[in-house]
Number of protein chains: 2
Amino acid sequence: MQRQAITIRDVAREAGVSVATVSRALNGHANVAEPVRRLVHEVAQRLRYSPHGAARSLSSRSTQTIGVVLPDLHGEFFSELIRGIGAGARARRRHMLLSSYHGDREQQAAALRAMRGRVDGLLVMSPFADQPGFLEENLPPLPTVLVNTQQAEVAWPAFEIDNHAGAVAMTNHLLSLGHRRIAFIAGPAHNYDARERLRGFREAIAAHPGAQGSEYEGEFDEASGHRAGRRILAGDARPDAVFAANDMMALGCLYAFAQAGVRVPQDIALAGFDDIPLARFVHPSLTTMRVSIAQLGGRAVERLLDQIETGADANGPVSASDADRQVMAPELVVRASCGGPEHPASGTEPRENTKA
Amino acid sequence: MQRQAITIRDVAREAGVSVATVSRALNGHANVAEPVRRLVHEVAQRLRYSPHGAARSLSSRSTQTIGVVLPDLHGEFFSELIRGIGAGARARRRHMLLSSYHGDREQQAAALRAMRGRVDGLLVMSPFADQPGFLEENLPPLPTVLVNTQQAEVAWPAFEIDNHAGAVAMTNHLLSLGHRRIAFIAGPAHNYDARERLRGFREAIAAHPGAQGSEYEGEFDEASGHRAGRRILAGDARPDAVFAANDMMALGCLYAFAQAGVRVPQDIALAGFDDIPLARFVHPSLTTMRVSIAQLGGRAVERLLDQIETGADANGPVSASDADRQVMAPELVVRASCGGPEHPASGTEPRENTKA
DNA sequence: CTGAAAGCGCTTACAG
DNA sequence: CTGAAAGCGCTTACAG
């Protein structure tokens, strides 16, 4: 059974008016007589008419949709980002066209180009944006806001987590607890967040006379954290504290310590970054930097929609200034792994209702 | 700087051919002379032309996009679902229009209607689908597949987790361990998954002579699990085992037991449902039913795309049969909370690379 | 307040 | 193999 799609012409015929009048009535234009407006609405409802999105977009030159181009959909970072963007879009009655691609440069270029004529603006997270020309060549002529993305030069408005400041804050926290020999488990070098966190760690160590930093490689996953933990224990000068560039690696490291009978925080302090849900549940609970990814997404979409609505949709690289690069500060969360309170209020603190 | 959008006419003019030829060349139609094809591609590339999505959709009557309508974006269930759908869509070169709405019936109705002319098919998860007429009245005339959704009558193809079978399996597992008095912490009654899990528990208990079930209310969150745990301990006949309808409640319950000094599994066994990432990290690690949400989404999108491509896009409620209701069985994961191995391979088992 | 008509940017029979 | 033309389903100046 192929239901025949109802068009605006059907409504017009049935209501005995022109399609122009139907369009005006349904779009809430003022210049429609009240009885006509009512009639049209009544007929449209009876016929279960709903306008054809592509047709409407083409003639009105507006899609009521924002495009979201991400490098991946895996993991909590992206799910929180999408949730934040989705909430922001919904609040302002926009749809969301989601395009993930695999890490390949050409694939992302294609994804960006394919957005033309489908969306009114773009939210982009791209590992290739630091390659000169990449965005200029592939971004459709649309307002665009970047998220957690390093640009070749500041050209588009951008929102990002202040990874550098967060790493400085955490390092300083460890130093303030009296730790002097601090090991850092770094994330992958190709990752922007990872580089910024490493940079923050190095700066904070360098700024503190007497502090001594050491660095270990990691891949942002549990396994590499575990390997780093073992290497740390195998070294001859055991550090006072370990700062892992993200929580997953901190958990892997924690497990390596547990296996070796090294107690946290008594024998060695441990800290992570991200405040993933697990962080408060492990034993000891993990000191970390909390980043609000959903809020990052929400703010970015706000900014994008403002830009779309003011029509000042300067889309080229000329419009942005440094003022348009907004960083969001993470927050230090002290837990037991650095001598803070254990498992604060877990089990009593109400959490979000989760589906199933 | 408002870059002027390049249209197919610009390419045609520049290449000295008609727009029809440009269209054919760019869409890979066979009937274009090779030199012409090359010229057109070259010009299009030089001009950085990309076709206007709405225009293309309107004239070709195809959007290369699937619509996804969900009740919420919160929590791991939805992020995994989106990830699975996204991977499936990408594999078959489709875009994904994501529309979440708040729990309200009218809002979902509007979200469904707004999909017309924007997508070629729909993936829908709806708590209102059990109300007769809701889908019939609001679904656009498009191929549609339902996900984890209870229909008034089987009318659309549907994919869902076999919550009933999972609950039966878990209850039988607890019985097989020798437990006879089993408490069940239920999820919210308005939730389909919750109802199915409860139904499975009751059936398995009823089928086992000598087994004795008791039921406690819960809301699928940690706090309600904690409350239920306290009530369970406060009762006079302490059960041998507790089966929580999801992991979050199991964790809350676990914490209540820990506070009361009740040991798991020595004093009481505990099991959950979902296998959330936390489940293997808590102490004791949690026995649970693993459900592959991403796979659920992936299969559903496969089915939808097949339907779209065969053009047999029967979209009305007549086409589906019971054969079109596919259930996916969850898998029992035995861990320490029921006497299984503690923290299996954690820290060594490589996990997915997570962004930051 | 209302309608006829042009136009949005493509694709696709239809001729040739 | 190629082009002129119609058409997809809307919106929006333009007249009246």
Side-chain angles (χ1 to χ4, degrees), chain A residues 4-41 43-44 47-65 113-120 140-142, chain B residues 4-41 43-44 47-65 113-120 140-142:
Chain A
Q4 189 53 49
I6 307 273
T7 74
I8 195 171
R9 304 180 64 106
D10 299 311
V11 179
R13 189 183 336 101
E14 187 77 9
V17 297
S18 72
V19 296
T21 295
V22 174
S23 174
R24 291 191 194 102
L26 259 24
N27 288 314
H29 292 200
N31 51 352
V32 178
E34 181 56 23
V36 175
R37 198 191 62 73
R38 266 207 300 272
L39 172 64
V40 169
H41 274 271
V43 170
L47 263 37
R48 282 180 199 157
Y49 168 72
S50 55
H52 188 282
R56 197 211 274 259
S57 295
L58 183 59
S59 55
S60 70
R61 326 195 113 276
S62 152
T63 64
Q64 302 300 322
T65 303
R113 292 210 204 89
M115 288 286 165
R116 159 150 129 90
R118 300 175 168 276
V119 303
D120 298 332
L142 251 27
Chain B
Q4 190 53 49
I6 308 273
T7 74
I8 195 173
R9 304 181 63 105
D10 299 310
V11 179
R13 189 183 336 103
E14 187 77 7
V17 299
S18 72
V19 296
T21 296
V22 174
S23 173
R24 291 192 194 101
L26 261 24
N27 288 315
H29 293 200
N31 50 352
V32 179
E34 181 55 21
V36 176
R37 198 193 62 75
R38 266 207 301 271
L39 172 66
V40 168
H41 274 270
V43 171
L47 263 36
R48 282 179 199 157
Y49 167 71
S50 55
H52 188 282
R56 196 211 274 259
S57 296
L58 183 58
S59 54
S60 69
R61 326 194 115 276
S62 152
T63 63
Q64 302 300 321
T65 304
R113 291 210 203 91
M115 289 286 164
R116 157 147 130 93
R118 301 174 167 276
V119 304
D120 298 333
L142 251 29

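So that the names make sense, note that chain A is the first sequence line, chain B the second, and so on, each numbered from 1. Atoms considered below: every heavy atom in the structure, side chains included; atoms not considered: hydrogens, waters and symmetry mates. All figures in this text were calculated on a predicted structure; none of them were measured in a lab.
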#### Entry: Residue closer to the 5' end of DNA chain C, B:His52 versus A:Gly16 (nearest nucleotide)
A:Gly16
### Exercise: identify the closest heavy-atom pair between A:Met115 and A:Leu142
O-CD2, 4.4 Å
Starting from [atom2] on [N], measure out to [atom1] on [X] and report it in whole angstrom.
X	N	atom1	atom2	answer
A:Arg118	C:dC8	CZ	C1'	16 Å
B:Asn27	C:dC10	CG	P	11 Å
B:Arg9	C:dC10	CZ	P	10 Å
B:Ile6	C:dC10	CD1	P	10 Å
B:Leu26	C:dC10	CG	P	10 Å
B:Arg61	D:dG9	CZ	C1'	8 Å
A:Asn31	D:dT12	CG	C1'	11 Å
A:Arg56	C:dG9	CZ	P	18 Å

Counting the atoms with a prime plus P, OP1 and OP2 as sugar-phosphate, which does [X] contact under 4.0 Å by heavy atoms, base, sugar-phosphate, or nothing?
X	value
B:Thr21	sugar-phosphate
B:Ala33	sugar-phosphate
A:Arg37	nothing

Which listed nucleotide ([options]) is nearest to the side chain of [X]?
X	options	result
A:Ser60	D:dG9, D:dG3, D:dT12	D:dT12
A:Ser18	C:dC10, D:dG9, C:dG3	C:dG3
B:Val32	D:dT2, C:dC10, D:dG3	D:dT2
B:Arg116	C:dG9, C:dT11, D:dC10	D:dC10

[X] side-chain N/O to [Y] backbone N/O, donor-acceptor pair under 3.5 Å:
X	Y	result
A:His41	A:Ala25	yes
A:Ser57	A:Gly53	yes
A:Ser59	A:Ala55	yes

### Message
Closest-nucleotide mapping onto DNA chain D: is B:Arg24 or A:Leu58 further toward the 5' terminus? I mean the 5' end.
### Response
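Between the two, 5'-proximity favours B:Arg24.
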### Query
In Å, rounded to the nearest 0.5 Å, how long is the span from CZ of B:Arg48 to CZ of A:Arg113?
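Result: 9.0 Å between the selected atoms.
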### Task
May I ask which nucleotide in the shown strands pairs with D:dA13, Watson-Crick or G-U wobble, both distances under 3.5 Å?
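By the stated definition (distances under 3.5 Å), nothing pairs with D:dA13.
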### Task
Using both distances under 3.5 Å as the test, list the Watson-Crick or G-U wobble partner of D:dA4, or none.
none
